[in-house]
Number of protein chains: 2
Amino acid sequence: MPDTRDVLFKTLADPTRRALFEQLCQQGEQTVGALTEQAGVSQPAVSKHLGVLKRAGLVFDRHEGRQTHYSAQPAALTPLLDWTSEMKAFWEQRFDALEDLLKRMDQ
Amino acid sequence: MPDTRDVLFKTLADPTRRALFEQLCQQGEQTVGALTEQAGVSQPAVSKHLGVLKRAGLVFDRHEGRQTHYSAQPAALTPLLDWTSEMKAFWEQRFDALEDLLKRMDQ
DNA sequence: TTAATTGATAACCAGATAGTTATGGATTTC
DNA sequence: GAAATCCATAACTATCTGGTTATCAATTAA
């Protein structure tokens, strides 16, 4: 899923959205109202951001009466971890190869 | 540096830019021309993306005659790893706290 | 049943962004 | 020295994006 990756990166690129996600990771389940108080933007803006986070799989929602409770799903961050590890691995692999080459040249 | 984080996320949010970085991680140092062949966009577009990557600390450049060689600096990904780990940690911490609570209630 | 609250959606707008072509400076090649 | 190559920058444009206000459906409270 390279598309999943793209969605994830794009979703987390916005600071307001990242702050909402951080809030949910730290404080646990929160209503839209509670999140709006903290967010510094209007309630519709918060709702839109939560929609984006939800489509990225980063949050869950749970309806209870007229309120909606959101909670974080940090497991969805895994592809991001994978990607960064992959990049570092590629780089180190080439580094090791170079080291080997130099070692052989040294003999 | 929360600002560093933001720059990092924003920089990697673009797929063309991410592809350039991946290319550099995998293949090592490359000239702008070589990168342009692979990129699927014009040379000026590639140059601009490389500029953004450079300002984010994700790549280095080295001038040699009329060519510019770029190389990846995957160590710059660290803040990203840190952030994701932090988020997972927050979440697990709350999870553990909940578990403790349930355990105490069970007695 | 009427009024108030909660959150989602619609419609709109300003600014950011990623692409393009044109061009120019620096270097190498002929 | 003239021509060609390499890359960066400038100028412009279309699209995306994040914000706003207005509104509406659903639920709860009076």
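Note on naming: letters A, B, ... go to the chains in the order of the sequence lines (proteins, then strands), and numbering restarts at 1 for each one.
Between B/Thr68 and D/dC6, a side-chain N or O to OP1/OP2 separation shorter than 4.0 Å is absent. Checking the phosphate oxygens (OP1, OP2) of D/dC6, no side-chain nitrogen or oxygen of B/Tyr70 falls inside 4.0 Å.
The separation between A/Asp6 atom CG and C/dT17 atom P is 16 Å, rounded to whole Å. For B/Lys10 and D/dC16, the NZ to C1' distance is 13 Å, given to the nearest whole Å. The CZ atom of A/Arg17 sits 9 Å away from the C1' atom of D/dT17 (whole-angstrom rounding). As rounded to whole Å, 12 Å separates atom P of C/dA18 from atom CG of B/Leu12. Rounded to an integer number of Å, the gap from CZ of B/Arg62 to P of D/dA8 is 14 Å. We find that NE2 of A/His69 is positioned 14 Å from P of D/dT27, with the value rounded to whole Å. In this structure, A/His63 atom NE2 and C/dT5 atom P are separated by 22 Å, rounded to whole Å. Rounded to an integer number of Å, the gap from CG of B/Leu53 to C1' of D/dA8 is 15 Å.
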Check against side-chain contact (heavy atoms from CB on, under 4.5 Å), A/Val41 and A/Thr36: CA-CA 7 Å; A/Val41 293; A/Thr36 299; over 6 Å; no
Intermediate values then yes/no, side-chain contact (heavy atoms from CB on, under 4.5 Å), B/Val32 and B/Ser47: CA-CA 7 Å; B/Val32 175; B/Ser47 275; 4.0 Å; yes
Audit row: B/Tyr70, B/Val46, side-chain contact (heavy atoms from CB on, under 4.5 Å) steps and yes/no: CA-CA 11 Å; B/Tyr70 281 88; B/Val46 170; over 6 Å; no
Full working for side-chain contact (heavy atoms from CB on, under 4.5 Å) between A/Thr31 and A/Thr68: CA-CA 6 Å; A/Thr31 67; A/Thr68 311; over 6 Å; no
Nucleotides 19-30 of chain C: protein proximity per nucleotide (B base, S sugar-phosphate only, - neither; heavy atom, under 4.0 Å): BBBB----BB--
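Across all strands shown, B/Ser47 has heavy atoms under 4.0 Å from base atoms, whether or not it also approaches the sugar-phosphate.
Note on the helix from C/dT1-D/dA30 to C/dC30-D/dG1: angle between the axes of the first and last five pairs equals 10°, rounded to 10 degrees.
At least one donor-acceptor pair under 3.5 Å links the side chain of B/Arg17 to the backbone N or O of B/Thr11. With hydrogens and angles disregarded, a donor-acceptor distance shorter than 3.5 Å links the side chain of A/Lys10 to the backbone of B/Ala13. Checking side-chain atoms of B/Arg18 against main-chain N and O of B/Leu12 turns up a donor-acceptor pair under 3.5 Å. At distances below 3.5 Å, not a single donor-acceptor pair connects side-chain atoms of B/Arg55 with backbone N or O atoms of B/Leu50.
In this structure, A/Lys54 places its NZ atom where only 12 or fewer heavy-atom neighbours from other residues, nucleotides or ligands lie under 6.0 Å away. The environment of CD in A/Glu86 is crowded: more than 12 heavy-atom neighbours from other residues, nucleotides or ligands sit within 6.0 Å.
A heavy atom lying under 4.0 Å from DNA chain C marks the following residues of residues 28-36 of chain A, by number: A/Thr31, A/Val32, A/Gly33.
By the 30° and 60° cut-offs, the orientation of the rings of B/Trp83 relative to A/Phe21 is tilted.
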